[in-house]
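Heads up, the thing below is written out as structure tokens.
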Amino acid sequence: MMAGPVLVFDSGVGGLSVVRALRQCLPEAALAYACDNAMLPYGQREDAWLVQRIRAVCEAAVAASGCSALVVACNTASTLALEVLRASLAIPVVGTVPAIKPAARISRTRHIGLLATSATVSRPYTLQLIRDFAADCRVTRVAADVLVSEAERLVAGEPPHRAILHRALAPLWEDPHLDTVVLGCTHFPLLAPWLAEAAPRQVSWIDSGEAIARRVGQVVTALAPREGGEPSFVTAPDERLVRGLATFGFAPPRLLHPA
Ligand code: DGL
């Protein structure tokens with residue numbers, strides 16, 4: 001059987017931060033991209049509905065792309081639906097969860113921040129990660145759903161609003177000892193330079209991109225070679241998204257019709 005591409009899935013453009021890490025770590029690997037832009041953002045949706053939706057979109061995208069592995073490049077989806085996806089798909093599924101473990105490893109002050117969607121900051125999965133890997137740390141959890149649309153703006157070619165970024169980050173700075181911030185939403189690394197500029201002091205910013213890329217390299221034994229104009233899939237037509245996807249090497253998207 002021919003090896004298919006590695007399919008990267010997110011609600012919107014956030015998975016492109018993982019595409020960037022995959023391109024760096026596995027430059028020859030063929031990728032495909034799928035996003036559920038019709039239902040973006042996922043971060044404030046109801047869990048049971050979201051599980052069904054993520055499953056339907058991923059099944060449709062896996063079938064349409066002929067991929068050999070699926071990367072769920074979305075913390076909001078992974079902390080909820082990884083088990084369901086693994087049970088329903090016959091290919092390896094790599095998830096994205098907040099990088100609490102590496103953050104706890106490097107924090108000197110033992111006070112870290114978690115910046116993510118409202119769903120991710122309060123999921124049982126996330127709370128368990130904190131208990132397992134950061135039990136001796138204080139973890140300030142900050143819901144920053146507004147940053148999702150700022151990242152979408154950026155990929156569409158418009159600069160993010162600095163005032164919105166400042167307001168979203170403000171709760172992180174209340175304790176001067178916090179020294180490490182986990183970017184627990186894949187949209188946020190796309191804003192990295194703006195986030196660093198909006199911070200009142202230097203902190204370490206940690207995301208999961210590189211760890212996911214390494215994991216894909218371990219899990220996928222036969223990577224298909226990259227040939228340019230890689231396929232992409234959306235759930236609603238959007239001209240700005242077409243341009244954004246093109247800047248990451250993807251061909252104009254095809255429309256998915258999830259069951
Ligand atoms: N990029 C997604 C994540 O990592 C969330 C964006 C959304 O709320 O749809 O959580």
Side-chain angles (χ1 to χ4, degrees), residues 7-22 33-47 49-58 61 70-82 85 93-100 103 113-127 129-130 141-156 160 164-165 168 181-192 194-195 205-213 215-216 232-236 238 240-241 244-245 248 256 258:
L7 175 65
V8 179
F9 164 74
D10 182 38
S11 53
V13 300
L16 295 173
S17 71
V18 175
V19 165
R20 196 177 275 166
L22 283 162
Y33 194 81
C35 63
D36 189 8
N37 58 317
M39 296 299 163
L40 176 82
Y42 275 179
Q44 287 165 314
R45 290 190 181 274
E46 197 261 318
D47 284 5
W49 177 88
L50 205 46
V51 174
Q52 294 314 317
R53 176 72 187 178
I54 291 165
R55 181 181 170 174
V57 176
C58 287
L70 169 66
V71 177
V72 184
C74 175
N75 296 262
T76 308
S78 297
T79 51
L80 181 68
L82 269 187
L85 290 174
V93 177
V94 175
T96 307
V97 298
I100 298 288
L114 168 62
L115 197 65
T117 62
S118 343
T120 300
V121 294
S122 51
R123 285 258 154 78
Y125 192 110
T126 304
L127 303 181
L129 273 181
I130 293 172
R141 295 176 289 132
V142 177
D145 299 275
V146 289
L147 297 183
V148 172
S149 35
E150 292 308 302
E152 294 283 330
R153 279 171 59 83
L154 180 64
V155 171
I164 293 180
L165 267 54
V181 179
V182 176
L183 298 178
C185 169
T186 52
H187 277 74
F188 301 171
L190 297 168
L191 296 167
W194 284 270
L195 296 177
W205 304 88
I206 310 277
D207 67 72
S208 314
E210 205 187 307
I212 297 163
R215 183 77 191 132
V216 170
S232 69
F233 305 89
V234 297
T235 52
D238 179 342
R240 285 156 39 111
L241 182 55
L245 287 168
F248 283 78
L256 286 175

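Order of appearance sets the numbers: ligands from 1, and atoms from 1 within every ligand.
For Arg55, the salt bridge (charged side-chain N to carboxylate O under 4.0 Å, His left out) partners two or more places apart in sequence, or in a different chain, are Glu59.
Under the 4.5 Å side-chain criterion, counting only non-hydrogen atoms from C-beta, Val71 is not in contact with Val19. At least one side-chain heavy atom of Leu195 sits less than 4.5 Å from a side-chain heavy atom of Leu147.
Side chain of Thr96 to backbone of Val72: a donor-acceptor contact under 3.5 angstrom is found. With Thr79 contributing its side chain and Thr120 its backbone, the two residues share no donor-acceptor pair below 3.5 Å. In terms of modelled atom types and a separation under 3.5 Å, the side chain of Gln44 and the main chain of Ser118 share no donor-acceptor contact.
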Under 3.5 Å, N/O to N/O: give me all the pairs between ligand 1 and the protein, one per line with atom names and distance.
unit_1: ligand 1; atom_1: 1 (N); unit_2: Asp10; atom_2: OD1; d: 3.0
unit_1: ligand 1; atom_1: 1 (N); unit_2: Asp10; atom_2: OD2; d: 3.4
unit_1: ligand 1; atom_1: 1 (N); unit_2: Thr186; atom_2: OG1; d: 2.9
unit_1: ligand 1; atom_1: 1 (N); unit_2: His187; atom_2: ND1; d: 2.8
unit_1: ligand 1; atom_1: 4 (O); unit_2: Asn75; atom_2: N; d: 2.8
unit_1: ligand 1; atom_1: 4 (O); unit_2: Asn75; atom_2: ND2; d: 3.1
unit_1: ligand 1; atom_1: 4 (O); unit_2: Thr186; atom_2: N; d: 2.8
unit_1: ligand 1; atom_1: 4 (O); unit_2: Thr186; atom_2: OG1; d: 3.2
unit_1: ligand 1; atom_1: 8 (O); unit_2: Tyr42; atom_2: N; d: 3.2
unit_1: ligand 1; atom_1: 8 (O); unit_2: Gly43; atom_2: N; d: 2.8
unit_1: ligand 1; atom_1: 9 (O); unit_2: Ser11; atom_2: OG; d: 2.6
unit_1: ligand 1; atom_1: 9 (O); unit_2: Tyr42; atom_2: N; d: 2.5
unit_1: ligand 1; atom_1: 10 (O); unit_2: Asn75; atom_2: N; d: 3.4
unit_1: ligand 1; atom_1: 10 (O); unit_2: Thr76; atom_2: N; d: 3.0
unit_1: ligand 1; atom_1: 10 (O); unit_2: Thr76; atom_2: OG1; d: 2.6

